[in-house]
Participant: 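Got a structure for you, questions after.
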Amino acid sequence: MKRRKLSYFSLLLVALLFVGCAERKVAVENRVIVSIAPLKPIVESILGDDFEVSVLVPQGASPETFEPSPRQLRELESARLVFSTGLLDFEQQLLHRIARNEQIINLSHGIDLIAGTCSHAHHNHADCGTDCGHDHAHHHAHGIDPHIWCSPKSLGRMSENAYNAIAREMPDSTKYGERYTTLCIKLLELDEEVAEMCRHSSRATFVIYHPALTYLARDYGLTQLAIEHEGKEPSAKRLAELIEHARNEGVKHIFYQSEFPASSVEVICQDAGATAVEINPLDEDIFANIRHIVTLITE
């Protein structure tokens, strides 16, 4: 009698564990992960509320030095889809650390990438705004500038790549195609708005500490002047050239990212008669963020 009773409770325990595991499995399968915050609104615009979309790199952390925790690696392993730029160091490393890496979607396919040894220390020359110097620390995807999400034109292709991956994963759903069409219209409007602001502005040059707006500059005829060069402060000669160029171009704002101190641009601001402005290229609301940055450049 005791043995039969024990067997009954043992079976009940196994059944409860099985149900618990099944519930956890469903919750995990309904998770979609994006590597950085600016990718979230793109993916969410297509998926709607059907999936929980979480961001791998937490707010305030730098993608340059980010390392996923063991818990995050487990979540990545079991996520339905993982969307990445495909260009950041830690994204490349995930391909070797996750067994099911076929669910990692590289959103940079089809984008005309800017070559060079670009990193957290990459630099754009004043004459073209697109050439990158040598890196002293972190290299992105064999020397490719990773900041593709800062240009509406690049976001259009990234959105197409995201939709194609979602359509392959869930081919029977038509609502994702409808949402993707709505997203395309939104991005086209942003593209036209940015192009219009740049076309009608007398200012086509901007100064920034770390060159995170390379694709924006290239796609809309702007010139990016970067203060940082090879992870080092500029030489006295380079600093003088930047100040003179900023004065000649009537630059009103000099940008620095939130991970850098305002002091990194103070000298140039004082001598060029410009104002230091903090920007965050990793802001989740990429649409409003691009509008804000372009307004500052062109006003």
Side-chain angles (χ1 to χ4, degrees), residues 24 27-44 51-109 111 113-114 116-123 132-150 158 161-162 165 209-215 228 230-232 256-261 264 278-286 289:
R24 285 195 295 275
V28 168
E29 287 182 347
N30 282 336
R31 181 186 295 115
V32 169
I33 297 175
V34 296
S35 59
I36 56 174
L39 306 185
K40 186 177 182 181
I42 296 297
V43 174
E44 278 188 333
F51 291 84
E52 173 194 352
V53 180
S54 57
V55 180
L56 188 60
V57 179
Q59 193 70 27
S62 171
E64 307 290 340
T65 56
F66 176 73
E67 284 285 340
S69 67
R71 178 184 61 80
Q72 287 178 312
L73 287 173
R74 289 193 297 271
E75 291 175 351
L76 285 164
E77 192 78 62
S78 56
R80 186 75 173 264
L81 289 170
V82 178
F83 295 92
S84 74
T85 70
L87 303 173
L88 295 163
D89 286 346
F90 81 89
E91 294 173 335
Q92 292 288 308
Q93 292 164 8
L94 291 179
L95 296 173
H96 306 290
R97 300 178 68 179
I98 297 177
R100 290 181 59 248
N101 58 31
E102 69 277 0
Q103 84 271 30
I104 301 179
I105 309 304
N106 181 347
L107 297 182
S108 70
H109 286 308
I111 295 175
L113 299 174
I114 296 173
T117 310
C118 298
S119 75
H120 197 68
H122 63 330
H123 168 68
C132 300
H134 182 70
D135 172 37
H136 74 298
H138 300 283
H139 295 260
H140 293 298
H142 307 291
I144 299 297
D145 188 309
H147 302 95
I148 54 177
W149 63 89
C150 293
M158 294 168 73
N161 292 334
Y209 182 77
H210 174 67
L213 305 177
T214 315
Y215 290 89
E228 181 190 66
E230 297 183 3
K232 301 175 183 178
Y256 67 98
Q257 290 91 318
S258 53
E259 62 264 34
F260 299 105
S264 60
E278 180 181 328
I279 61 172
N280 180 17
L282 290 168
D283 192 291
E284 184 175 309
D285 190 348
I286 190 63
N289 199 30

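Values reported hereafter were calculated over all heavy atoms of this structure, with side chains retained and with hydrogens, waters and symmetry mates removed.
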Participant: Yes or no on side-chain contact (heavy atoms from CB on, under 4.5 Å) for Ile33 and Arg31, after CA distance, side-chain angles and deciding distance?
Facilitator: CA-CA 7 Å; Ile33 297 175; Arg31 181 186 295 115; 3.9 Å; yes

Participant: With Val53, which residues qualify under side-chain contact (heavy atoms from CB on, under 4.5 Å), at least two apart?
Facilitator: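 Here the qualifying residues are Val32, Val34, Lys40, Val43, Glu44, Leu47.
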
Participant: Considering all heavy atoms of both residues, which atom of Leu95 and which atom of Asn101 are nearest to each other, and what is their separation?
Facilitator: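 Of all heavy-atom pairs spanning Leu95 and Asn101, the closest is O-ND2, 2.7 Å.
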
Participant: Enter the distance from Leu88:CG to Gln92:CD here, rounded to the nearest 0.5 Å.
Facilitator: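 It is 9.0 Å, given to the nearest 0.5 Å.
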
Participant: Please enumerate all residues that pass side chain to side chain donor-acceptor pair (under 3.5 Å) together with Ser108, with sequence neighbours excluded.
Facilitator: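 In terms of side chain to side chain donor-acceptor pair (under 3.5 Å), with neighbours along the sequence ignored, Ser108 is linked to Asn106.
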
Participant: Go through the steps for Leu39 and Leu107 under the test side-chain contact (heavy atoms from CB on, under 4.5 Å), then give the verdict.
Facilitator: CA-CA 9 Å; Leu39 306 185; Leu107 297 182; 4.2 Å; yes

Participant: To the nearest 0.5 angstrom, please state how far the CD atom of Gln93 sits from the CD atom of Glu67.
Facilitator: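 One finds 5.5 Å between CD of Gln93 and CD of Glu67.
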
Participant: Using modelled atom types and a 3.5 Å cut-off, is there a donor and acceptor pairing between side-chain atoms of Glu52 and backbone atoms of Asn30?
Facilitator: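 No, because the side chain of Glu52 does not come within donor-acceptor range (under 3.5 Å) of the backbone of Asn30.
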
Participant: My understanding is that only residues two or more places apart in sequence, or in another chain, count here; which of them pass side-chain contact (heavy atoms from CB on, under 4.5 Å) with Asn280?
Facilitator: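 side-chain contact (heavy atoms from CB on, under 4.5 Å) list for Asn280, sorted by chain: Gln59, Ser258, Leu282, Asp283.
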
Participant: Evaluate side-chain contact (heavy atoms from CB on, under 4.5 Å) for Phe260 paired with Glu228, printing each intermediate quantity in order.
Facilitator: CA-CA 11 Å; Phe260 299 105; Glu228 181 190 66; 4.2 Å; yes

Participant: Using side-chain contact (heavy atoms from CB on, under 4.5 Å) as the criterion, list what pairs up with Pro68, not counting sequence neighbours.
Facilitator: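 Phe66, Gln72, Leu73, Leu94, Arg97.
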
Participant: The test is side-chain contact (heavy atoms from CB on, under 4.5 Å); show your working for Tyr215 and Leu113 and say whether it passes.
Facilitator: CA-CA 8 Å; Tyr215 290 89; Leu113 299 174; 3.8 Å; yes

